[in-house]
> 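First the structure, which I've put down as structure tokens, then a few questions once you've had a look.
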2 protein chains.
Amino acid sequence: MNNVLQMNSLRDSHRDPARAQVACSQCSLGELCLPKNLDKDDKIRFEQIVHRSRPIHAGEHIFRAGDEFRTVATVRTGCFKSYAIDQDGQEQVLGFHLPGEIIGLDAIHSGRHIANVVALDTSAICSLTFHSVSSMARSMPELQHELFRMMSQRISELETIAGDLSADERIALFLLSLSRRFARRGYSNKEFILAMSRRDIASYLRLATETVSRVLARFQQRGLVEVDRKQVVICDRDELRNIARTTLH
Amino acid sequence: MNNVLQMNSLRDSHRDPARAQVACSQCSLGELCLPKNLDKDDKIRFEQIVHRSRPIHAGEHIFRAGDEFRTVATVRTGCFKSYAIDQDGQEQVLGFHLPGEIIGLDAIHSGRHIANVVALDTSAICSLTFHSVSSMARSMPELQHELFRMMSQRISELETIAGDLSADERIALFLLSLSRRFARRGYSNKEFILAMSRRDIASYLRLATETVSRVLARFQQRGLVEVDRKQVVICDRDELRNIARTTLH
DNA sequence: CCCGAATACTGATCTGGATCAAACAAACTT
DNA sequence: AAGTTTGTTTGATCCAGATCAGTATTCGGG
């Protein structure tokens, strides 16, 4: 159980010039990171409790299921997936984490991490102890609300994916969700990279990998998307929204 | 959109002796309500922001999807279901709420209630503005943590139900979940009433009502449960756990 | 550059649970 | 109590997507 967070405490980063990184206020995440809407003083306090990581390589874990819950992490660059291992030893993908998103809040109630979280790409994170986040939240209404908001959003997302959806609906929702999240990050909402494998997508959406392949091929034939390996281009967003039966995204 | 909360503000309860009710510290919920782990002073402060409702009859709504998010509610007695209406006009059950459980936290991120929430039984609730809850949470670490904990728990629950489960697994998990929640409330964990219809159970578990009937009948034949109308007796919890493939519950 | 191992795609079957159809039982109406 | 409505159960079919089988493509390592 060798986790990056444990092996390489970032408390030391300011003492190690080679690891020095930009302050949150200059971070490429801009307003997307945790301290969104904080005023200047709050941002300075916030930065003091944030630890920036060295690069994390694809395949490296930052949390393991069962780990004591001490820290949460936000993604600066790259992509992570979280997954559980079920009774049959099968991997079950629970979610993907793009830049600006926070990881680990589902561990609060049990005091242990529920999921394994692994980098899909060369990535970087910021980590903070949950204790310091929640204690700061008590004097920063905006931060407290941001935490509530993120957990509430995750609940809504799960209520959607838990619904009774066809394979087409699931794939359309998945593509639109990624598009929206990349757009929020400042990337194109038309063209993006699937950092995760077909197998991961299938597991996340509760489909067979074969079904993912087939639906993507069908969408391409119908001119809705162009898919080449991991590259995706959204060609007909409106029709994807129709299929997903949602006006959201 | 006539909601009980709006029609009958409980701010007035202390002025209306007919509606006076016991203080939280004497409430039948005991330690299960929101102020769990609060000390005496905090409990007194807490009680000042809680509004107790008159009885709510089966079929009455306490929230409607789209309502502005101002208040949350905790169940004192009875049972509620929350549901959404999908694009086809079909009702989709999102969850059931038993005594001691809190309703409405999934509305935070959008500022509007996502779900319709309706009483299944004659019920009673306590309601509080989210603003007063979160502002109090800032001076009560235990309360803030309790809120985080509850949202985190809901995330875990949804991660389970969103999983790729067979009909048998879903029903077994459902029965065990109810059993655990009734037990926590001080009721029997062997024998309880299903306040919700077969149709509601089916919608919640993403099954057809016919499948719910058939699985319950099969479980009864195998001696796992006795089901008579809305009355349920758990006969073989271990085998139910096996079917649910979980050591939890 | 080639080779072996993943990963992705495509076609042929199979199946769990949905859907359709009907009988049945309980809960209201009058 | 008889009739009406609503909810539940049982039986017969059907289908979306899983599974199985085989091929094609990509990628990492020498």
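Basis for what follows: all heavy atoms, side chains included, without hydrogens, waters or symmetry-related copies. In what follows, chains are A, B, ... by sequence order, proteins preceding strands, each numbered from 1. Nothing here was measured: the structure is a model prediction, and the numbers come from that model.
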> Would you say the ring centroid of A:Y187 lies under 6.0 angstrom from that of A:F192?
no
> Contact between A:I62 and A:I56 at the side-chain level, heavy atoms closer than 4.5 Å - yes or no?
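A side-chain contact exists here, since the closest heavy-atom pair is under 4.5 Å.
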> Please confirm whether the backbone N or O of A:N189 pairs with a side-chain atom of A:S179, one donor and one acceptor, at under 3.5 Å?
yes
> Is B:R199 near enough to D:dT8 that one of its side-chain N or O atoms lies under 4.0 angstrom from OP1 or OP2?
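It does not, given that no N or O in the side chain of B:R199 lies less than 4.0 Å from OP1 or OP2 of D:dT8.
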> Check the distance between D:dA18's P and A:R198's CZ and give it to me in whole angstrom.
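That distance rounds to 16 Å.
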> Let me know the distance between CD of A:Q220 and C1' of C:dC9, rounded to the nearest Å.
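Atom-to-atom, A:Q220 to C:dC9, this comes out as 12 Å.
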> Are side-chain heavy atoms of B:F96 and B:F174 found at a separation under 4.5 Å?
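Answer yes - side chains close enough.
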> Is there a side-chain contact between B:F80 and B:S123 in this structure, where contact means two heavy atoms from C-beta onward sitting under 4.5 Å apart?
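Side-chain contact under 4.5 Å: yes.
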> I need the residues from residues 201-214 of chain B with at least one non-hydrogen atom less than 4.0 Å from DNA chain D; give them sorted by number, or say none.
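Correct list: B:E210, B:S213, B:R214.
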> Check the phosphate of C:dA26 against B:R229, side-chain N and O only, distance under 4.0 Å to OP1 or OP2. Yes or no?
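No.
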> For A:K230 and C:dA6, what is the distance between atoms NZ and P respectively, to the nearest whole Å?
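Result: 16 Å.
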> Measure from CG on B:D228 to C1' on D:dT9 and round the result to the nearest Å.
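About 14 Å, once rounded to whole Å.
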> Closer to the 5' end of DNA chain D via nearest nucleotide, is it B:A217 or A:R218?
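Nearer the 5' end of the strand: B:A217.
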> Do you know which two heavy atoms are closest between B:F182 and B:I193, and how far apart they sit?
CZ-O, 3.9 Å
> Using whole Å, report how far CZ of A:F219 lies from C1' of C:dC9.
17 Å
> Quick one, B:D200 and B:L194 - any side-chain contact, counting heavy atoms below 4.5 Å?
no
> Expressed in angstrom and rounded to an integer, what is the separation of A:M196 atom CE from C:dT7 atom P?
15 Å
> Once you round it to whole Å, what is the distance between C1' of D:dG17 and CD1 of A:I171?
12 Å
> For the side chain of B:S197, counting heavy atoms from C-beta on, which of D:dT8, C:dG17, D:dG17 is nearest?
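The answer is D:dT8.
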> Please report the shortest heavy-atom distance between B:L98 and B:L178, naming the atom on each side.
CD1-CD2, 4.1 Å
> Salt-bridge test for B:R154 and B:D106: reply yes if a basic N is under 4.0 Å from a carboxylate O, no otherwise.
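Between B:D106 and B:R154 there is no salt bridge, as every charged N stays at least 4.0 Å from the carboxylate O atoms.
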> How many whole angstroms separate atom CG of A:D164 from atom P of C:dG17?
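After rounding, the gap between these two atoms is 13 Å.
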> How sharply is the helix from C:dC1-D:dG30 to C:dA27-D:dT4 bent, taking the axes over five pairs at either end and rounding to 10 degrees?
50°
